[in-house]
Engineer: 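Can you read through this structure? Questions will come right after.
Both backbone and side-chain heavy atoms feed into the values below; hydrogens, waters and symmetry mates do not. Owing to the predicted nature of the structure, the values given are computational and were not obtained by experimental measurement.
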Number of protein chains: 2
Amino acid sequence: MIFDADHSAEPALARADFPAEAAVVSADSRGRILAAAYELFSRRGVRDVGVNELIERSGVAKATFYRHFPSKDALVLAFLEQRDQLWTVDFIVGQAKLRGTTPTEQLLAIFDVFGDWFLRDDFEACSFINILLEMGPAHPLGLASIDYLARIRGHVQALAEQAGLDRPEDFARSWHILMKGSIVSATEGDIQAAKRAQQMAGWLIEHHRS
Amino acid sequence: MIFDADHSAEPALARADFPAEAAVVSADSRGRILAAAYELFSRRGVRDVGVNELIERSGVAKATFYRHFPSKDALVLAFLEQRDQLWTVDFIVGQAKLRGTTPTEQLLAIFDVFGDWFLRDDFEACSFINILLEMGPAHPLGLASIDYLARIRGHVQALAEQAGLDRPEDFARSWHILMKGSIVSATEGDIQAAKRAQQMAGWLIEHHRS
DNA sequence: CCGAGGGCAGACAGACCGGTCTTACTCACG
DNA sequence: CGTGAGTAAGACCGGTCTGTCTGCCCTCGG
């Protein structure tokens, strides 16, 4: 397959930070569908984006869509996996590890990354939380979201263990409360939500020191 | 807004716990619609419940529905107002004030009420957060949800002022992060989310003492 | 007795949903 | 050249959505 010269609108902004739509501009149709799904789902939610819009955005025929993904929900699952890699691993955890040297610093740096993220004009809250609340914890997509949220907690727990903190799992669960609460507050418009959460996070670290 | 005398009173409200469907079985059709909306919207979200289901549940004709509410969104706004009264004021704040004697105790008691609420089998997360994330902060319903979330913060701030805490507005915003974060964690299945948030809330109080 | 109006039931409109299937075209490969 | 795989385009299906409109019944005031 040769590159279409006119393949639709890929701003392909290569920003060094969180790659909102850097989601792999691949020439094959499956990659185009995934890229469109990432852009639309992360910004507007799953229920607000229909299959017709997805195929129009990705320049793909409907039959092609359903050859690559047996259903819309299957595409959402693929989107969640991609979100875990691009947002959780590459952006949040990756940036936090770059900004801090010690595990404790890296933990606190999560909220520095959050602070920058909250300021972005395309800040769209956390897809895992959105889908969990949108579909409910019993729906397959809600269950998948719970799983990816647990992975986030796993990153926090690993850093807590490296920092030698007490009861790292409890620590990670409390820490996650601060992360999720600050995201919702930021959606409400509280610009300083990350700072507030970071302050409480500092107290949490103190209370988990040996 | 004027108080209608027949404004679907709150008789069953006497229940000690959170009146999930105490929302008034009133004889008039408007009250029946509102009661059905409260039950369905609070449990399953706004987008998942259609007008047809609402009229079937309330035993009302479609024309009657649209005579009382010009649109579904108008009914959602009325639901949010009712939710503010039944959930925020009567249940959360009311119960917390009953459980504590001093303002500080009453603040911490919020998370005791949360702990009981999280255990309920019909726990359905916070309608304001759900609708905010579902519709987005720019949608009229999202804006209304932000407004009602600010009212919750107002209750917290008032208690903080009574307790003589420093910077009560900052305190209330940080406190609210804990409330919202614990709600999302509870939706994920963390039974002890309220306890974790309460512990951090205690530290927050300490740091706001004069 | 009678007319007006509120409420119930439900058909209907128009848009959109996820998903299936047909048609026509291109291209790689034997 | 022939064939089959992959694709774009889009008609189509059954269903759902919000919202409108038409009947018909029941009640109540005069």
Engineer: Please determine whether any donor N or O and acceptor N or O are separated by less than 3.5 Å between the side chain of B/Lys72 and the base of D/dG19.
Structural biologist: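 Looking at the base of D/dG19, it does not pair with any donor or acceptor on the side chain of B/Lys72 (distance under 3.5 Å).
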Engineer: Go nucleotide by nucleotide along DNA chain C from the 5' end; which of A/Asn52 and A/Pro70 gets its closest nucleotide reached first?
Structural biologist: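 Nearest nucleotide further toward 5': that of A/Asn52.
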Engineer: Please determine if B/Arg120 and B/Asp116 form a salt bridge, counting it only when a charged side-chain N lies under 4.0 Å from a carboxylate O.
Structural biologist: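 Here B/Arg120 does not pair with B/Asp116 in a salt bridge, since their nearest N and O are not under 4.0 Å apart.
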Engineer: Of the nucleotides C/dA9, D/dA9, D/dT7, which one has an atom closest to the side chain of A/Ala61?
Structural biologist: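 Per side-chain heavy atoms of A/Ala61, the pick is D/dA9.
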Engineer: Could you give me the CA-CA distance, side-chain angles and deciding distance for A/Thr88 and A/Tyr148, then say whether side-chain contact (heavy atoms from CB on, under 4.5 Å) is met?
Structural biologist: CA-CA 9 Å; A/Thr88 304; A/Tyr148 286 113; over 6 Å; no
Engineer: Nearest-Å distance, CG (A/Asp73) to C1' (C/dC17)?
Structural biologist: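 A/Asp73 atom CG is separated from C/dC17 atom C1' by 13 Å.
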Engineer: State, to 0.1 Å, how close A/Lys72 and A/Val49 come at their nearest heavy-atom pair, and which atoms those are.
Structural biologist: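 Heavy atoms only, the tightest pair is NZ-O, 2.9 Å.
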Engineer: Between C1' on C/dC21 and CD1 on A/Ile55, what's the gap in Å once rounded to a whole number?
Structural biologist: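 The distance from CD1 of A/Ile55 to C1' of C/dC21 comes to 14 Å, rounded to the nearest Å.
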Engineer: Sort out for me which residue in B/Ile131, B/Leu80, B/Leu54 forms a side chain to side chain contact (heavy atoms under 4.5 Å, CB included) with B/Phe41.
Structural biologist: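 Of B/Ile131, B/Leu80, B/Leu54, side chain to side chain contact (heavy atoms under 4.5 Å, CB included) with B/Phe41 is met by B/Leu54 alone.
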Engineer: Side chain of A/Lys62, base of C/dG19: donor and acceptor closer than 3.5 Å?
Structural biologist: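 By the distance-only test, yes, there is a pair.
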Engineer: Quickly work out the A/Leu54 CG to C/dC17 C1' distance and round it to whole Å.
Structural biologist: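 Atom CG in A/Leu54 sits about 13 Å away from atom C1' in C/dC17.
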Engineer: To the nearest Å, how far apart are B/Arg32 CZ and C/dG7 P?
Structural biologist: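 Taking atom P of C/dG7 as the reference, CZ of B/Arg32 is at 9 Å.
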Engineer: Under a 3.5 Å threshold, yes or no: a donor from one side chain and an acceptor from the other, between B/Ser29 and B/His68?
Structural biologist: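 Result is yes, a qualifying pair exists.
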Engineer: Identify which nucleotide among C/dC8, D/dT20, C/dT22 has an atom closest to any side-chain atom of B/Tyr66, counting heavy atoms from C-beta outward.
Structural biologist: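 Closest of the options to the side chain of B/Tyr66: D/dT20.
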Engineer: In this structure, how many angstroms lie between the P atom of C/dC16 and the CD atom of A/Glu56, rounded?
Structural biologist: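 Taking CD of A/Glu56 and P of C/dC16, I get 12 Å after rounding.
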Engineer: Rounding to a whole Å, what distance do you find between A/Arg57:CZ and D/dA8:P?
Structural biologist: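 Taking atom P of D/dA8 as the reference, CZ of A/Arg57 is at 16 Å.
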Engineer: Determine: side-chain N/O of B/Arg67 to OP1/OP2 of C/dG7, distance under 4.0 Å, yes or no.
Structural biologist: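 Looking at the OP1 and OP2 atoms of C/dG7, one of them is under 4.0 Å from a side-chain N or O of B/Arg67.
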Engineer: In this structure, how many angstroms lie between the C1' atom of C/dC17 and the CZ atom of B/Arg47, rounded?
Structural biologist: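 Going from B/Arg47 (CZ) to C/dC17 (C1'), I get 12 Å.
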Engineer: Roughly, in whole Å, what's the span from CG in B/Asp48 to P in D/dT16?
Structural biologist: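 Checked: the CG to P distance equals 13 Å.
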